[in-house]
**Q** 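Quick one: the structure is below, questions incoming.
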Amino acid sequence: MSEQTKVTVSNGGFGSKLGFILAAAGSAVGLGNIWRFPYLAAQYGGGIFLLVYLILTVTFGFSLMVTEIAIGRKTGKSVIGAYSEVNKHFAPLGWLAAAVPVIILPYYCVIGGWVLKYMTAFLTGQGKTAAGDGSFFSEFIGHAAQPTIFFFIFVILTAIVVMLGVNKGIERMSKIMMPVLFILIIGIGIYTLTLPGAIDGLIYYVKPDFTKFSIKTVIAAMGQLFYSMSLAMGIMITYGSYMRKEDHLEGSVRNIEIFDTAVAFLAGLIIVPSVFVFSGGDASALKSGPSLMFITLPNVFDSMIGGQIVGAAFFILVALAALTSSISLMETVVSIIVEKFHIKRIPACLIVMGISLAMGMLSVLGYSDWSEVTVFGYQFLDFFDFVSNNIMMPIVALLTCILIGFVAKTKFVEDEVEENGEFKSKTLYRVMVRYVCPICMLVILFSALFMKL
Ligand code: PHE
């Protein structure tokens, strides 16, 4: 088995530990970090949410990520092949996990296209028109032509990187994009903190508000974390299959966690104080989802000195974050096609690109020409998002924990982690995978289905 892994890696896997870490962090750092984390932190008690999130990252998130990367590296296979190699009765789980990126990739790229539109607007000095009562946004997504063009551009950019391969495409681009992203987020963060009144916003963001603490805080943090670390969609298995045997797995996961959490925290440091300043201290201005990113923030930038530049930098940052995530989604699907159907990388990319363009059009049209069409009361994009995030992903993670915790046994993962060094958190890992993570997954699943959190 290890022979096979070596072959896969030498055939174009990640060439360095840093390359792997940056690519995996690139997947983890995405729209979730920037538009969802800050809002959740503000909504669920500031510092107390941050603390809960941090504790969950180093325990729950850590264990799930170690599991996936170890499965990938040990088997050296794509997500479908990997699950059936761990245990052939779990092959259907591989298919279920593989379906998640197929569903997410198209709509993620539609949103990526929206980000490109705003980036272009700010870069061409038209940020002012993007501000206002939200009509710019509703006009934009309400007519299919422009969203389609930007969506296509985003898919094509993603496909170009994936076509270039793991080493020459994904790794090389991650090594450029991730440092740029980090510099941008720190730069914008410092600038927004110097705005008058920003410190009150900062305090609001980091100060624990125990009155807002409840079990919901924990559930919200758990759901966010799980999405933010790109778990349960085969991505970490795929990237793990390209990881070098000689690199330390546990240490790499710790680095990815730090990167992902730092970017989420810094995004909050930009968004919460700047919205606070803009709204004159009214925390309710901090909304969730698209309206924060595409309506509130353009107004916030418009009100700042140098807002045009800050806005452009911000949307470049978001575009980079979204692109490295969509690359990981596409790679996961491409790796399956290459392995299962023996098709070469470039034609496999073209196939995935074609499927994504077709499926994504449903989401584009769902906001424009077909806006009256709904699926179980959801627009297409929201429906895909709900099914993948709230139903399929918790099921995949739950069954993965059962597979490793009780069927294959945790030794399967432990041996892989110990290939090159000690597994420092082994006891924690065992308890998490066998007992805590499955319970957490059930809680996420039930709360999504019945509590409408
Ligand atoms: N981890 C990404 C984020 O925080 C989400 C994501 C990545 C979704 C990859 C899908 C695929 O936004």
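Read the numbers this way: they start at 1 and go in the same order the structure lists the ligands and their atoms. Here the structure is a predicted model, which is why all the values come from computation and not from measurement.
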**Q** Run the numbers for me: atoms of ligand 1, each under 4.0 Å from some heavy atom of Ile235, listed by number.
**A** 9 (C), 11 (C)

**Q** Would Leu31 count as a polar contact of ligand 1, with the cut-off being nitrogen or oxygen pairs under 3.5 Å?
**A** yes

**Q** Any side-chain donor-acceptor pair under 3.5 Å between Thr192 and Ser274?
**A** no

**Q** Indicate whether the side chain of Tyr242 and that of Glu171 have a donor and an acceptor atom separated by less than 3.5 Å.
**A** no

**Q** Please report whether ligand 1 has a polar contact with Ser328, defined as an N or O pair separated by less than 3.5 Å (distance criterion only).
**A** no

**Q** Just checking, is any N or O donor in the side chain of Glu339 or Ser78 under 3.5 Å from an acceptor N or O on the other one?
**A** yes

**Q** Please list the nearest protein heavy atom to atom 12 (O) of ligand 1 with its residue and the distance rounded to 0.1 Å.
**A** Gly32 N, 2.7 Å

**Q** Does either side chain, that of Tyr83 or that of Thr400, offer a donor lying less than 3.5 Å from an acceptor on the other one?
**A** yes

**Q** Is it possible for you to check whether Arg254 lies under 6.0 Å from the centre of the six-membered ring of Phe62, through NZ or CZ, and within 45° of that ring's axis?
**A** yes

**Q** Between Tyr44 and Lys216, is there a cation-pi geometry (under 6.0 Å to ring centre, at most 45° from the normal)?
**A** no

**Q** Applying a strict 4.0 Å limit to heavy atoms, is Met233 in contact with ligand 1?
**A** yes

**Q** Give the single entry among Ala321, Ala25, Pro101, Ala28 that approaches atom 1 (N) of ligand 1 most closely by any heavy atom.
**A** Ala28

**Q** I need the atoms of ligand 1 closer than 4.0 Å to a non-hydrogen atom of Tyr227, numbered in the order shown.
**A** 1 (N), 2 (C), 3 (C), 5 (C), 8 (C), 12 (O)

**Q** Using distance alone, determine whether Ser325 and ligand 1 share an N or O pair under 3.5 Å.
**A** no

**Q** Can you name the atoms of ligand 1, numbered from 1 with element, that are less than 4.0 Å from a heavy atom of Ser228?
**A** 1 (N), 4 (O)

**Q** Without hydrogens or angle criteria, can the side chains of Glu250 and Ser425 be said to hold a donor-acceptor pair below 3.5 Å?
**A** yes

**Q** When rounded to the nearest 0.5 angstrom, what is the spacing between CE in Met441 and CD1 in Ile402?
**A** 11.5 Å

**Q** Give the atoms of ligand 1, by number and element, whose distance to some non-hydrogen atom of Ser230 is under 4.0 Å.
**A** 1 (N), 7 (C), 9 (C)

**Q** Among all protein heavy atoms in this structure, tell me which lies nearest to atom 4 (O) of ligand 1, with the distance rounded to 0.1 Å.
**A** Asn33 OD1, 2.9 Å

